[in-house]
Amino acid sequence: LTSEIFSIRNPEKALNLAKEAASLQTEGYILDTLATAYWANGLVEEAVQIERQAIAVDEGKKLFYQAKIAKFTSESYVEVERETDE
């Protein structure tokens, strides 16, 4: 999902794997990965909701997760990919 090698990125597969991981273990970093996968698939509302769950589970990283929410609501995965590619 976040590889520097864009040709191997697979947002759909990443979402499925992240959902499975989150069903097995509810940790902030896993929820953050799931939120990122939702965002990469254009599901911003779901991404924000999951990131809020990450905050509830891991309050120590609240600022990090809030920054991710800001990113999800202001940028698209495709835009970020293009910026990194240039």
Side-chain angles (χ1 to χ4, degrees):
L1 183 63
T2 59
S3 173
E4 291 182 11
I5 304 168
F6 295 104
S7 62
I8 67 170
R9 289 186 180 188
N10 187 334
E12 288 178 29
K13 184 176 182 180
L15 180 57
N16 289 331
L17 293 172
K19 284 180 180 179
E20 186 175 333
S23 74
L24 297 172
Q25 191 174 4
T26 307
E27 298 288 338
Y29 69 94
I30 294 172
L31 293 172
D32 175 58
T33 299
L34 177 57
T36 301
Y38 274 121
W39 171 68
N41 282 279
L43 303 168
V44 175
E45 289 181 32
E46 291 86 342
V48 170
Q49 179 183 359
I50 296 297
E51 206 68 60
R52 287 186 178 134
Q53 289 178 22
I55 292 170
V57 170
D58 187 4
E59 290 233 3
K61 293 190 176 179
K62 181 178 181 176
L63 293 177
F64 173 79
Y65 299 135
Q66 287 175 330
K68 293 290 284 286
I69 290 171
K71 178 179 181 172
F72 296 157
T73 58
S74 66
E75 300 176 22
S76 74
Y77 179 73
V78 175
E79 288 172 354
V80 171
E81 184 174 306
R82 284 190 197 131
E83 288 174 11
T84 308
D85 204 22
E86 294 175 353

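For the numbers below, each heavy atom of this structure counts, side chains included, while hydrogens, waters and symmetry mates do not. Counting from 1, the numbers follow the sequence of the chain as shown.
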Show me the donor-acceptor pairs, under 3.5 Å and distance only, between side chains in residues 28-36 and residues at least two apart or in other chains.
residue : atom : partner : partner atom : Å
Asp32   : OD1  : Lys68   : NZ           : 2.9
Asp32   : OD2  : Lys68   : NZ           : 3.1
Thr33   : OG1  : Tyr29   : O            : 3.1
Thr36   : OG1  : Asp32   : O            : 3.0
Thr36   : OG1  : Lys68   : NZ           : 3.2

Requested in this report: Could you pull out the closest heavy-atom pair between Tyr77 and Pro11, with the gap in Å?
Outcome: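 Result for this residue pair: CE2-CG, 3.8 Å.
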Could you measure the distance from the CD1 atom of Ile69 to the CH2 atom of Trp39? Nearest 0.5 Å is fine.
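That separation rounds to 13.5 Å.
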In this structure, CD of Glu4 is separated from CZ of Arg9 (nearest 0.5 Å) by 8.5 Å
When Ile, Leu, Val, Met, Phe, Trp and Tyr are grouped by side-chain heavy atoms lying under 4.5 Å apart, directly or through other members, which residues fall in the same group as Ile8?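 Once heavy-atom contacts under 4.5 Å are chained together, Ile8 belongs with Ile5.
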Next on the checklist: Enumerate the side-chain hydrogen bond (donor to acceptor under 3.5 Å, both in side chains) contacts for residues 10-21, please, sequence neighbours excluded, ordered by first and then second residue.
Outcome noted: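 Residue pairs with at least one partner in residues 10-21: there are none.
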Below 3.5 Å, can you tabulate the donor-acceptor pairs from side chains in residues 42-58 to any protein atom, sequence neighbours excluded?
residue : atom : partner : partner atom : Å
Asp58   : OD2  : Tyr65   : OH           : 3.2

